[in-house]
Amino acid sequence: MDTITVKDKQFRLSIPEARIQAAIQREAERINKDYEGREPLFLAVLNGAFMFAADLMRNVSIPSEISFVKLASYEGMGTTGKVKSLIGLPEGIRGRHVVIVEDIVDTGLTMLHLLETLRAQEPASISVCTLLLKPEKLQVDLDIKYCALEIPNEFIVGYGLDYDGQGRNLRDIYTVV
Ligand code: 5GP
C-alpha cells in the first residue's frame with residue numbers, strides 16, 4: 001500500500017522496508033569493525049528506537065550489551081518550561097564505550113541533552129547511531145558517527161516512529177501528505 005491513513009492524516013510510502021534494512025546492515029557492519037574488542041554498551045532511546053534497536057542488534061556480531069533509556073518530560077519548577085529527565089540509565093556506564101541508538105535527530109536538541117547527561121557518567125567514549133537525520137533542521141553542532149538514512153524536513157511515521165501514538169508498528173516509513 002503506497003498511501004495510508006493514520007488517525008486524521010494521510011501518509012505516502014517514502015522508505016520501503018528493504019531500504020531501511022540495507023541501511024541498518026551497513027551501519028552495523030561499520031560498528032562491528034570500529035568496536036571490535038571494545039564490548040560496546042548500546043543505549044537505545046525508547047519509545048521510537050525500539051524497532052531500529054532490534055534490527056541493528058541482529059546485525060551486530062561483536063560481544064556487546066544493550067540497555068534501554070527513556071526521556072521523560074515534566075514541567076520544570078522555574079520559568080524554563082519543559083525539562084527532560086533521563087530514566088532507566090544502567091549502573092556502570094563509567095569506563096564503557098557507549099553507543100546511543102536513536103530513531104531520529106531533528107533539531108538535535110534532544111541528542112545534545114542526552115550526550116551532556118551521559119558524559120557526566122564518565123564513559124570511556126560515546127558515539128551516536130541514528131536511524132534518521134533531517135540535516136536541514138539540525139540546529140546544534142553534533143558529531144553523528146552512524147546515520148542510516150538522511151531525509152528531508154518532512155514529518156514521517158512508521159518503523160517505530162509515531163503520529164499521535166499510532167503507526168509505530170509499520171514496517172516501512174511514510175511521509176505526511
Ligand atoms: P529533536 O530534539 O532532534 O528536535 O527531536 C527529536 C525527537 O523528535 C525524536 O526523538 C522524535 O521523537 C521527534 N521527531 C522529530 N521528527 C519527527 C518526525 O518526522 N516524525 C516523528 N514521528 N517524530 C519526530
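- Residue Ala72 comes nearest to Ile87 through the heavy atom pair CB-CD1, 4.2 Å, listed as atom of the first residue, atom of the second, then distance.
- In plain terms, the two heavy atoms of Pro135 and Glu150 that are nearest each other are CG-OE1, 3.5 Å.
- Within the 4.5 Å cutoff, no side-chain heavy atoms of Leu46 are placed close to those of Val69.
- Ring-plane geometry between Tyr146 and Tyr35 is classed as tilted, the angle between the planes lying from 30 to 60 degrees on a 0 to 90 degree scale.
- Contact check for Ile15 versus Leu132: side-chain heavy atoms found under the 4.5 Å cut-off.
- Residues Leu71 and His113 form a side-chain contact, since some pair of their non-hydrogen atoms from C-beta on lies under 4.5 Å apart.
- Two residues are said to be in side-chain contact when any heavy atoms from C-beta on lie closer than 4.5 Å; Met111 and Val140 fail this criterion.
- Side-chain contact annotation: Thr3 with Tyr174, donor-acceptor N/O pair under 3.5 Å absent.
- Between the side chains of Tyr159 and Asn169, not a single donor N or O lies within less than 3.5 Å of an accepting N or O.
- Pairing each heavy atom of Pro40 with each of Pro63, the nearest pair is CD-O, 3.5 Å.
- Within 6.0 Å of atom CG in Asp141, 12 or fewer heavy atoms from other residues, nucleotides or ligands are found, so the atom counts as exposed in its surroundings.
- Looking only at side-chain heavy atoms (C-beta outward), Leu118 and Ile100 come within less than 4.5 Å of each other.
- Contact annotation: the side chain of Met57 approaches that of Ser64 to within less than 4.5 Å [non-hydrogen atoms, C-beta and beyond].
- Of all non-hydrogen atoms in Ser125 and His97, the two that sit nearest each other are OG-ND1, 2.6 Å.
- Heavy atoms only, all atoms of each residue included: Val177 and Arg12 are closest at CG2-N, 3.7 Å.
- Looking at Phe68 and Lys70, their side chains never come closer than 4.5 Å, going by heavy atoms from C-beta outward.
- When atom types are taken as modelled, the side chain of Asp162 and the backbone of Gly158 share no donor-acceptor pair closer than 3.5 angstrom.
- Ion pairing between Arg26 and Glu29 fails under the 4.0 Å rule for side-chain N and carboxylate O.
- For the atom pair CG of Leu109 and NZ of Lys84, the computed distance is 9.0 Å after rounding to the nearest 0.5 Å.
- In this structure, Asp172 contributes its side chain and Glu17 its backbone to a donor-acceptor pair below 3.5 Å.
- Looking at every heavy atom in both residues, Thr130 comes nearest to Phe52 through C-CE2, 3.8 Å.
- Here the side chains of Leu142 and Val105 are in contact, with some heavy-atom distance below 4.5 Å.
- The 12-atom threshold is exceeded at CZ of Arg30, counting heavy atoms of other residues, nucleotides or ligands nearer than 6.0 Å.
- Looking at Glu65 and Arg96, a side-chain N of the basic residue comes within less than 4.0 Å of a carboxylate O on the acidic one, giving a salt bridge.
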